[in-house]
Amino acid sequence: MKVGVITFPGSNCDTDTFEALSQLGVDAVPLWYTDTSLSGIDRLILPGGFSYGDYLRSGALAAQAPIMDAVEQAISEQDLPVLGICNGFQILCERGLLPGALRPNASGEFRCTWEYVRVNAVPESFPGLKPGDVLRLPIAHHEGAYAVEPGQLAPLFENQQVFLQYSDEHGAVHALTNPNGAVANIAAVSQGPVVGLMPHPERAMAAYLGSADGARFLKAWLGEDRA
Amino acid sequence: MTYQDVGLTEEEYRVIQQQLGREPNELELGLFGVLWSEHCSYKSSKNLLSWLPHEGPAVVQGPGENAGIVALNDHVHVAFKVESHNHPSYVEPVQGAATGVGGILRDIVAMGARPIALADSLRFGTDDKAKWIQNGVVEGVGAYGNAIGIPTVTGEVAYGAVYDKNPLVNVMAIGLLSPEHQVSASGAKVGSYLVLLGQPTGRDGIHGASLLASQDFGDATEHMRPTVQVGDPFMGKMLMEATLNAIQTDKLDAVQDLGAAGLTSSVAELAYRSGVGAHIWLERVPCREEGMTPYEIMLSETQERMLLVVSPENWPVVEEIIQHWEVPYSIIGEVSADQELVISLNGEIVAAVPPQILAGSCPRRPAISKWAQTAREQAPQLTAFRPLTFEREWALEVLGSPNCRSRHRIYERYDSMILTNTVWGPTHDLAVLRVRGSEEGLAVAVSGPGRYAARDAYSGGLAAVSRVMGLLATQGAMALGLTDGINAGNPDKEHVFLDLTHLIAGIADASQGFGVPVTGGNVSLHNETEGEPIWPTAIIGAVGRHLHPLHPTNDAPWKAGLNIIRLSA
Amino acid sequence: MTFDIIVNVALKDAILDPAGQSTAKVLRNMGYPVQDVRIGKQIKLQVTAESLNDAKEKARQMAEKLLANPVMETYDIVVRES
Amino acid sequence: MTFDIIVNVALKDAILDPAGQSTAKVLRNMGYPVQDVRIGKQIKLQVTAESLNDAKEKARQMAEKLLANPVMETYDIVVRES
Ligand SMILES: Nc1ncnc2c1ncn2[C@@H]1O[C@H](COP(=O)(O)OP(=O)(O)O)[C@@H](O)[C@H]1O
């Protein structure tokens with residue numbers, strides 16, 4: 001299996017993502033934002049970072065990158081599984097490939113902390129996870145407050161598109177476990193083969209770094225961990 | 001324009017006339033003004049700094065280059081240095097702090113090292129404005145570090161009313177390089193191109209850092225504050241990648257970042273260190289604004305710029321790398337054999353000064369060794385350990401002080417985990433980092449007990465070094481080297497210079513005593529407003545070799561019934 | 001011809017504006033009797049176009065495609081010959 | 001009486017605007033012939049005041065003291081009775 005990782009100008013979690021994939025024994029293919037073909041790529045990751053400095057709105061400028069035309073096409077024509085992490089999530093929302101938008105954190109401040117997230121509904125590309133699973137993953141973002149248009153929240157839940165919600169370590173979801181002001185504590189959403197999440201699984205690859213749950217998460221996405 | 005207008009003394013002006021053998025023209029005078037300012041020349045501190053030990057088994061590069069380098073092992077070298085951005089952070093906290101981070105990162109990159117960590121040491125006042133300044137500074141450090149993707153893994157903060165109008169923002173950066181790809185600012189060869197890389201030059205901070213950091217400010221001088229420099233971490237990231245990738249090809253002669261005094265300082269220092277001359281063609285410098293004068297172009301402190309020196313035959317390979325990273329660039333001159341820095345505009349020479357005069361001849365303030373000796377003799381001695389009577393109110397007062405408050409509101413605004421090397425981050429007293437491809441990792445600590453130095457500057461110097469060495473010792477980490485950020489008031493005042501002397505003597509004696517070299521640092525003077533200087537504050541950063549970074553030695557558990565044992569000599 | 005364009009981007013009314021809220025709080029603490037504060041963007045640019053109408057159309061497209069996010073924001077445009 | 005106030009905050013001309021620069025670059029890649037892009041803020045608020053002049057004075061003070069950063073920014077104000 002070949003996993004493509006797109007580097008946009010200003011991406012800075014691309015090397016961590018390569019590292020994580022290589023730890024899992026996966027062939028990773030570096031892609032540059034001007035590339036126009038995704039041929040030979042089986043899965044795709046849009047990594048975290050500050051593409052274009054997060055200027056204007058996080059992800060907005062990268063959403064216009066030439067490679068995003070190919071991404072859009074591969075999703076609609078081949079059901080290409082795409083994972084957007086942090087800035088990658090923002091880019092996918094800005095491009096309209098995922099519903100909603102990411103707004104500045106309610107505190108108005110960047111926040112880097114360890115959080116727990118609870119699996120609410122399992123996307124088609126994560127057969128290895130089940131509802132109620134709790135993962136410990138770090139967040140690091142300034143604009144991570146997930147928001148939807150009025151009236152759009154209920155359909156998201158009904159359509160099983162709400163993937164992860166910020167919770168406590170036992171999976172309880174409430175206001176005190178919301179690190180950034182996201183509506184309904186939403187940390188990740190999906191739409192068909194496309195998934196976006198604010199936490200950084202690629203940083204949680206070993207217990208000595210704080211958690212190995214990121215490895216579990218990525219394995220589940222790669223289809224290797226059908227627990 | 002007179003020599004006073006550019007901040008030179010009569011004596012300095014005489015030295016310039018004598019060495020040049022003529023009167024400098026206005027532009028040349030301006031160049032001397034900035035390069036001979038305290039901030040660029042270190043004229044008051046250089047002789048004192050010579051007391052610091054610079055040698056050790058791990059030292060690869062001591063002071064004098066953009067950053068010091070020590071060897072972690074045979075295949076991994078570590079570049080690290082602390083830098084201050086105090087005055088700009090008072091004028092505009094967010095941008096002042098952000099550009100401070102950008103600046104120290106470029107120093108590390110200019111050594112060919114890829115930055116892997118930042119540590120910030122902050123001092124704020126206690127009034128209402130200090131809260132606003134703190135908020136802005138923390139925002140700025142985060143805004144730059146987070147965006148460029150370098151984690152801030154540890155730091156410290158302390159408060160005192162003396163910092164109300166003179167906050168301190170000292171940032172240490174650490175980078176890794178492989179011994180094969182080291183570059184420096186001293187390899188420029190005759191005939192090579194000078195390539196200016198990065199942000200087009202604007203009128204940012206003309207007379208900025210140098211002026212700002214070399215004078216005392218009061219309300220009367222408010223109008224002299226220069227245009228605020230804005231940090232662009234996005235350009236910083238592209239510039240960093242372009243520069244590091246270019247260095248990897250081994251096709252560069254030399255690299256020098258542009259910091260205080262912009263092009264003037266970087267070309268003069270590069271030429272001086274390399275023992276060559278240089279010609280600069282000003283019409284080739286890309287400018288952001290119309291009608292910039294030679295003076296403005298030479299002294300602009302626009303951020304996110306780097307100077308590369310490349311021979312014509314190597315240029316095509318390097319140019320391709322720069323183009324890939326979409327960084328603006330221009331060949332703005334060439335290295336010459338004539339030992340002169342010649343600046344021309346459209347073929348007309350507007351200034352010509354030998355680099356060794358500009359960068360190497362500023363008269364230095366003599367160090368007074370006798371003062372250091374007195375400090376040693378008179379340092380307060382710890383003669384007895386007097387148990388304190390416990391008073392509930394005192395304890396509550398101490399616990400309620402801002403100096404004891406939890407720091408999570410600061411460090412959670414920094415990405416401390418990116419690059420996934422942070423085994424121990426800001427929830428601990430020091431940072432422990434793994435180093436890919438090595439068994440050994442790094443222990444990183446910063447500390448600067450300014451309050452001690454306020455009572456006795458010599459002891460303050462000793463304490464600053466002892467504290468970081470103590471922190472490394474808790475991990476059994478072997479100190480490879482130290483970097484020192486020295487902050488004080490106006491050195492023209494005898495008591496300030498006395499304190500400075502004592503402080504540096506303390507650092508020197510402690511480093512000597514521990515057998516640890518100081519491989520670089522930064523001096524920031526004139527930290528005073530309306531005649532009120534700060535406490536002499538030395539921020540010491542330490543980098544140590546950690547033998548088992550994936551399993552740091554646990555913090556001591558606090559449990560009832562455990563004994564507390566004090567070790568002392 | 002060159003045209004000056006101003007695109008004002010505002011958050012939709014239904015979207016919460018925490019930055020505006022905290023600014024309002026600070027202003028009230030400073031003694032200013034403000035009710036609502038909403039913080040949007042004002043983007044100024046110059047564009048080359050064939051006519052005023054062409055400039056307006058370009059401005060509209062840039063706002064739709066990039067300068068505003070239709071999920072959260074509305075915009076209005078002012079166009080003037082430079 | 002209540003007044004609607006708009007405060008437009010812009011970076012001073014000599015100050016670098018990295019966000020504007022990057023936005024300009026992307027707009028050009030998308031095929032729009034833009035020259036300069038500068039991104040400022042548009043702050044809308046309501047204030048209670050005794051008269052139009054009072055409202056204008058309050059707006060000026062809020063802009064000076066909080067909404068604009070005089071070191072880097074300029075502002076202009078529009079006041080209208082609600
Ligand atoms: N400015 C800062 N930036 C990053 N981390 C910080 C900063 N200030 C404090 N910290 C982190 O918080 C920890 C606790 O801070 P502090 O209470 O000052 O500890 P100590 O007194 O042991 O230095 C520090 O060890 C450091 O890791």
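So that the names make sense, note that chain A is the first sequence line, chain B the second, and so on, each numbered from 1. These values consider heavy atoms only, across backbone and side chains, with no hydrogens, waters or symmetry-generated copies.
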For chain A, find which of B:Arg413, B:Glu241, B:Lys237 contributes the most heavy-atom pairs closer than 4.5 angstrom.
-> B:Arg413
Check each atom of B:Met417 against the heavy atoms of chain A and say whether the ones under 4.5 Å are side chain, backbone, both or neither.
-> both
Testing A:Asn120, A:Leu197, A:Val122, A:Leu129 for side chain to side chain contact (heavy atoms under 4.5 Å, CB included) with A:Phe163, which one passes?
-> A:Leu129
B:Trp325 versus chain A, the contacting section by heavy-atom distance below 4.5 Å = side chain
Okay, A:Glu202 and chain B: the region with an atom under 4.5 Å from a heavy atom over there is backbone
Salt-bridge criterion met for A:Glu72 and A:Arg95 (N-O under 4.0 Å) = yes
Identify which part of A:His200 has an atom lying under 4.5 Å from any heavy atom of chain B, answering side chain, backbone, both or neither.
-> neither
Looking at residues at least two apart in the chain, or sitting in another chain, which of them share a side chain to side chain donor-acceptor pair (under 3.5 Å) with B:Gln303?
-> B:Arg106, B:Gln229
Chain A heavy atoms under 4.5 Å from B:His408: which part of the residue, side chain, backbone, both or neither?
-> neither
Would the number of heavy atoms belonging to other residues, nucleotides or ligands and lying under 6.0 Å from CD of A:Gln23 be above 12?
-> yes
Listed by residue number, which members of residues 132-145 of chain B have a heavy atom under 4.5 Å from any heavy atom of chain A?
-> B:Asn135, B:Glu139
4.5 Å side-chain heavy-atom contact, B:Leu118 and B:Val171 | yes
Ionic contact status for B:Arg288 with B:Asp204, cut-off 4.0 Å | yes
B:Arg436, CZ atom: more than 12 neighbouring heavy atoms under 6.0 Å = yes
Heavy-atom contact with chain A under 4.5 Å, split by part of B:Ile148 = backbone
Side chain / backbone / both / neither for A:Ser11 at chain B, heavy atoms under 4.5 Å = backbone
Compare all side-chain heavy atoms of A:Glu115 with those of A:Pro179 and state whether any distance is below 4.5 angstrom.
-> yes
B:Asp120 and B:Tyr414 side chains, donor-acceptor separation under 3.5 Å = yes
State plainly whether the residues A:Asp133 and A:Arg216 are in salt-bridge range, i.e. N to O under 4.0 Å.
-> yes
If one checks every heavy atom of B:Thr422 against chain A at 4.5 Å, the contacting part turns out to be backbone
